[in-house]
J.: 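One structure, pasted below without further comment.
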Amino acid sequence: MRLSLAVAAVAAYARFALAQSTQFCDSGAGNLCFQSFTDPVHGISFRMVFPTSTTATEFIGEIEAPTGVAWAGLALGGGMLNNPLLMAWPNNGALVTTARIAAGYVQPTAYTGLTLTTIAGSSHVNSTGWKWTFRCQNCTSWSGGSFDPNGTPVMAWAYGATPVFTPADPNSNFAQHDDFGFWGMVTSAAHDANYQSFLNGGGGTTTAPPTSTTTTTSATSTPTLPPAQATPYDYIIVGAGAGGIVAADKLSQAGKKVLLIERGGPSTAETGGNNIPPWAKGTNDTRFDVPGLFESMFTGNTFWWCKDTNFFAGCLTGGGTSVNAALYWLPTDDDFSTGNGWPSGWQQAGQYASIINGRMPSTDTPSPDGKLYLQESYNVVQQILKPLGYSELTINSNRNFKDHVYGHSAYNFVNGKRAGPVATYLRTSKARSNFKFLQYVYVQSVVRNGATITGVQTNDTTVGPNGFIPLTKNGRVILSAGSFGTPRILFTSGIGPTDMIQVAQKNPTVGSLVPAQSSWINLPVGFNVQDNPSINLIFQHPTVDAYDNWDSAVIWDNPRPADAAQYLKSNTGPFAGASPRLNFWQALGGPDGKTRWMQGTVRPGAGSVTTKYPYDSSKIFTITVYLSYGITSRGRIGIDAAMKGQALVNPWFQDPVDKTVLLDGLNQIINSAKQVSNLTLVTPDKDTALTDYVNNYDPSAMCSNHWIGSAKIGTSNTTSVVDSNTKVWGTNNLFVVDASIWPSLPMGNPHAAIMASAELAVAKILALSGGP
Ligand SMILES: Cc1cc2nc3c(=O)[nH]c(=O)nc-3n(C[C@H](O)[C@H](O)[C@H](O)COP(=O)(O)OP(=O)(O)OC[C@H]3O[C@@H](n4cnc5c(N)ncnc54)[C@H](O)[C@@H]3O)c2cc1C
Ligand SMILES: *[C@@H]1O[C@H](CO)[C@@H](O)[C@H](O)[C@H]1NC(C)=O
Ligand SMILES: *[C@@H]1O[C@H](CO)[C@@H](O)[C@H](O)[C@H]1NC(C)=O
Ligand SMILES: *[C@@H]1O[C@H](CO)[C@@H](O)[C@H](O)[C@H]1NC(C)=O
Ligand SMILES: *[C@@H]1O[C@H](CO)[C@@H](O)[C@H](O)[C@H]1NC(C)=O
Ligand SMILES: *[C@@H]1O[C@H](CO)[C@@H](O)[C@H](O)[C@H]1NC(C)=O
Ligand SMILES: *[C@@H]1O[C@H](CO)[C@@H](O)[C@H](O)[C@H]1NC(C)=O
């Protein structure tokens, strides 16, 4: 709970005509005539009546609220700091009440200097609302403050749309109020001669005599969790990957108060990372900085991988962009076409490709000395492609030309180091005072009152009361937690298909965060996912240097001395690039009349080889052949009982035509390879028919880690999860900006396309009215 707004605001309000209370005689409370103020927005009434004495130190109060008011509070002064706050909320048909006081911008703690007695005969919870009538003794003054029982003191009210965290517990922590206000309480007109007789059960009333219960604001009780300051933000962005970093930068650049929350820790040295290979001790050359260490990601102490999915996903600053090969393809016009599933208004690939390339220039000579290293596989593969009619090109210089084209692999490395969004967009964000970045904080859910998100629930009680971080008024939450991370948060927040929300509801850790079923929002979260099916062909050629197959024990612990020395000296050489050396694309027609594109990625070495024939592991190279743009198969992802991300339906080859087309492309390559002197196909070997090889391929090995579509953008709330402004259907202020919104795969490895879509998404979010 943050109280500074209330404190700051009262002085300003007080100079203007403040609303004042009026008389209200309550037939439910002995016809006592209270002074009453009803806040016009939420319809909550706050009332007080005093004994006849003009110096009375006690009063009878009332808070009466319609159903839907999760909690309400009456502050006995014109602000919520250092004034007692009398609060109530309904729980299982009964009222739970408490007196609190806040000495700073922290969760208010129990206040024990007054005596609160609930008057049961006049208090109730029913189907349309609730009412708390109470006696408050020793209530007109307190350490540090007082109010005049015979004047027009300013009082404050607070309203919470989100239930307190443990409703049965009077000492429960709670989120920041969603609204508050002030009024002048005309205490001078609130003295009733029947005060004492009402308390005594008489007073000439027709109501049942009051019975009393004393609430439990005991001196020994302390809040269950340490109090913590919760600063509200205009935009809370969950996940510092390709989408989230761009979103945070554009929003903080626009002057919004932005919080970026990342569950993982540092990656590159710039972010505080220090995972440095033994041969580079004393430098800032971490695993995430040195391009040539890409292949070392897959073995060893893998703290950087998310442990709660079955697939590779980066859980550290930069997300996938800190652990990927950094292959960098400017989006094509087709990527953002309506034919690829984007709503109209998104067809600006060219503009955003230029913006992205302006901030993160593409290079196909990643070594800063301008030389190309380990080019043998490039030279062999172009002998396969040229007879098929391919032409050689600097691929990003003609981003839309993706048929029968090959070229050197393009990267966004800078000065021989990984750059990507971390060294560009995150760097500029960090320089702004309105930007805050939290690492090692895990977001469990968004907290919402129906369609309105009030903040995020994290696992860290030091960042907010009970881990809750609130939004400012009209604030917005953007989920950028990736294709598996975003759905998991949505499910726990009661958004998605019923079966997945029910799984989250049963989880012992997060189940209690799932809202009541009546407020679930049914959307196809997790459906419509795609990932490129990819098949490896492994060849051997006498000229090829397999570079020790990028064995981690070599490149991490014991690299070729000259290459390590060269990199340490000038950030040049083989370590200045990731393993890929050549990429190619080709359009392929299918028997269904549709066109699908094949992509190839060539690298020296191989991860694993399957053959019963001898081969020379020092002379092998791999062509990974993917099916990319135009693919028609879709799968479904979800969570298991442990909240682990799963493919409920694998996305690869659900449509058999995808397989037919990829087989066609593979056959063309294999056939053309036959005319290249001294080139042998190692896997699949000569005893294995290509169709059998593909049919028996381990589905998880077919994964390309390019998952998209789990919170698909669209124009209908039955077939998509976010609308054309990336706002989650059925919510007022929840957005998704990451790979999940992509309706269909782009042409190339996707991180640049995802960043371009994030640029465009933020432009739309900023233009959308009603925001902070
Ligand atoms: C091994 C591998 C190689 C790849 N190679 C390439 C390549 O060469 N070129 C290319 O273009 N693409 C490549 N990709 C794909 C690319 O990296 C991803 O498509 C891209 O990073 C996805 O961006 P995103 O913003 O959707 O999610 P991510 O980049 O995955 O970012 C999501 C972030 O959210 C954080 N997060 C998740 N859940 C929570 C939570 N509950 N609370 C707080 N934080 C959370 C994660 O830790 C992560 O940092 C590769 C991916 C992998 C895994
Ligand atoms: C239910 O409670 C509300 C709020 O106190 C009150 O306005 C309403 O009259 C009550 N309804 C009944 C049927 O008592
Ligand atoms: C009444 O409040 C004062 C603080 O203003 C406190 O010192 C005193 O103990 C309280 N009395 C009772 C009986 O609670
Ligand atoms: C490593 O980076 C830090 C912070 O940027 C810098 O202070 C330090 O000089 C760098 N060390 C080396 C060896 O470059
Ligand atoms: C929250 O989760 C993150 C990511 O799993 C973890 O690193 C961190 O230690 C957790 N924080 C707390 C307070 O448990
Ligand atoms: C093929 O290999 C043989 C023997 O290793 C060699 O003599 C010949 O030059 C090679 N041909 C080509 C085109 O590389
Ligand atoms: C979807 O749209 C229909 C028609 O406008 C509406 O009734 C329904 O509540 C919407 N559902 C969501 C989840 O927004």
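Just so you know, ligand 1 is whichever comes first in the structure, and atom 1 is the first atom listed for that ligand. Just so you know, these numbers use all the heavy atoms, side chains as well, and skip hydrogens, waters and symmetry mates.
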J.: Quick one: sort the Phe59 and Phe50 rings into parallel, tilted or perpendicular, breaks at 30° and 60°.
T.: tilted
J.: Tell me the closest heavy-atom pair linking Ala72 and Ile63, and the distance in Å.
T.: CB-CG2, 3.9 Å
J.: Please find out if less than 6.0 Å separates the ring center of Phe46 from that of Trp183.
T.: yes
J.: Are any of the side-chain nitrogens in Asp192 or Arg47 under 4.0 Å away from the carboxylate oxygens of its partner?
T.: no
J.: Give yes if a backbone or side-chain nitrogen or oxygen of Asn126 is under 3.5 Å from a nitrogen or oxygen of ligand 2, and no if not.
T.: yes
J.: Provide the number and element of each atom of ligand 4 under 4.0 Å from a heavy atom of Gly282.
T.: 13 (C)
J.: What are the distances between nitrogen or oxygen atoms of ligand 7 and protein nitrogen or oxygen atoms, counting only those under 3.5 Å?
T.:
from     : atom 1 : to     : atom 2 : distance (Å)
ligand 7 : 2 (O)  : Asn717 : ND2    : 2.4
ligand 7 : 11 (N) : Asn717 : ND2    : 2.7
ligand 7 : 14 (O) : Asn717 : ND2    : 3.1
ligand 7 : 14 (O) : Gly730 : N      : 3.4

J.: Using a 3.5 Å cut-off on N or O atoms only, is Thr283 in polar contact with ligand 4?
T.: no
J.: Does CG in Asn126 sit with more than 12 non-hydrogen atoms of other residues, nucleotides or ligands closer than 6.0 Å?
T.: yes
J.: Centres of the Phe174 and Trp89 rings: under 6.0 Å?
T.: no
J.: Give the atoms of ligand 2, by number and element, whose distance to some non-hydrogen atom of Lys131 is under 4.0 Å.
T.: 5 (O)
J.: Can a salt bridge be assigned to the pair Lys131 and Asp26 using a cut-off of 4.0 Å between side-chain N and carboxylate O?
T.: yes
J.: In ligand 2, which numbered atoms sit nearer than 4.0 Å to a non-hydrogen atom of Glu64?
T.: 4 (C), 5 (O), 6 (C), 7 (O)
J.: Which heavy-atom pair separates Tyr567 from Lys417 by the least distance, and what is that distance?
T.: OH-CG, 3.5 Å
